[in-house]
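Counting starts at 1 for both ligands and their atoms, following the listed order.
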Amino acid sequence: MTDVVGLAAALLREARHVAVLTGAGVSAESGIPTFRDALSGLWASYDPEELATPQAFLRQPELVWDWYAERRAAITACAPNPAHHALAEIERRVPRFTLVTQNIDGLHAAAGSATVVELHGNIRRVKCFDEDVVVEQWDTAGERPPRCPRCGGMLRPDVVWFGELLPERALRAAWAAAESCDLFLSVGTSNLVVPAASLPWMAHRAGASVVVVNTTDEGQHKGDRIHCLLGPAGTVVPGLVRATWPE
Ligand code: OAD
């Protein structure tokens, strides 16, 4: 039987530029439900793909603001898990490292990752719907959604909604990393949403090896130079670090 962990560890030890793409699975063990898990409680009957659009916000701004406010409160109560910490550790050990995330929870930064390319924004930030400018402080007690202190427009979370373009700088940084890395780690993502889902392919086509960490290999890329480490990220990624750099 092939020792996939040993193989992945060897690739990581030798790599000059490691690019990582993370998805909701990396935060699952922090207590944040993945996107495609059923939501529970108050919001169980709402489909996120129907609330997370500019049209939904314009139609029902208070409902969408409240939905995000509840998610923000739940997320800020969560802490990074061993997978986030292990990725921060890899960053400190390899010559060049780019961490690209689809997550909006800010947990990579909380774990000490120095540079994080946020493809889908960050729920902890708020911006003006009209001016598309981040606002540092807003009135949490008054009108919902609160108003922009500069122009009076409605405030919204600084996350990418369905039908919106990804932040261009982040996307360019992600593409550049995929094209120039020699090892691409894909951790806890279902590969269902482009353009993020195309990054491992892009890296693979450019000659990189790809290591996938997921609890299932369903929907994951398969083939030559693609290695799958099955299991929860909070166990698998720290295990990979230990196998790569045994103390
Ligand atoms: P998904 O919810 O689509 O997928 C989560 C992935 O994590 C699945 O492949 C699970 O098998 C895997 N998983 C679950 N628990 C895990 C664990 N403990 N360890 C490792 N893997 C685990 O989330 P994303 O792929 O992040 O976009 O979804 C991508 C995008 O779809 C989101 O960013 C969001 C959504 O539409 C926007 O909001 C723009």
Show me which atoms of ligand 1 lie under 4.0 Å from any heavy atom of [X].
{"X": "Gly23", "result": "26 (O)"}
{"X": "Ala28", "result": "15 (N)"}
{"X": "Thr216", "result": "11 (O)"}
{"X": "Ala24", "result": "23 (O), 24 (P), 26 (O)"}

Could you see which bit of [X] sits under 4.0 Å from ligand 1, with heavy atoms only: side chain, backbone, both or neither?
{"X": "Thr189", "answer": "both"}
{"X": "His120", "answer": "side chain"}
{"X": "Phe162", "answer": "side chain"}

To the nearest 0.5 Å, tell me how far Leu21 CG sits from Thr98 OG1.
-> 12.0 Å

What is the distance from atom CD1 of Ile123 to atom CG of Asp158, rounded to the nearest 0.5 Å?
-> 10.5 Å

Of the listed options (Thr34, Val193, Val159), which comes nearest to atom 30 (C) of ligand 1 when hydrogens are ignored and any heavy atom counts?
-> Val193

Looking at Leu21, Val236, Thr215, the heavy atom closest to atom 14 (C) of ligand 1 belongs to Thr215

For ligand 1, is there an N or O atom under 3.5 Å from any N or O atom of [X]?
{"X": "Asn214", "answer": "yes"}
{"X": "Glu29", "answer": "yes"}
{"X": "Leu192", "answer": "no"}
{"X": "Asn191", "answer": "no"}
{"X": "Gly188", "answer": "yes"}

Using a 4.5 Å cut-off on heavy atoms from C-beta on, say whether the side chain of Val241 contacts that of Ile90.
-> yes

Tightest non-hydrogen contact, residues Pro145 and Met154, listed as CG-SD, 3.8 Å

Test salt bridge (charged side-chain N to carboxylate O under 4.0 Å, His left out), reference Asp66, set Arg72, Arg71, Arg144, output is Arg144

Taking Asp182 as the fixed residue, which of Arg13, Arg16, Arg225 is the one that meets the salt bridge (charged side-chain N to carboxylate O under 4.0 Å, His left out) rule?
-> Arg16

[X] and [Y]: side-chain donor and acceptor closer than 3.5 Å?
{"X": "Glu218", "Y": "Ser190", "result": "no"}
{"X": "Gln102", "Y": "Thr189", "result": "yes"}
{"X": "His84", "Y": "Thr22", "result": "no"}

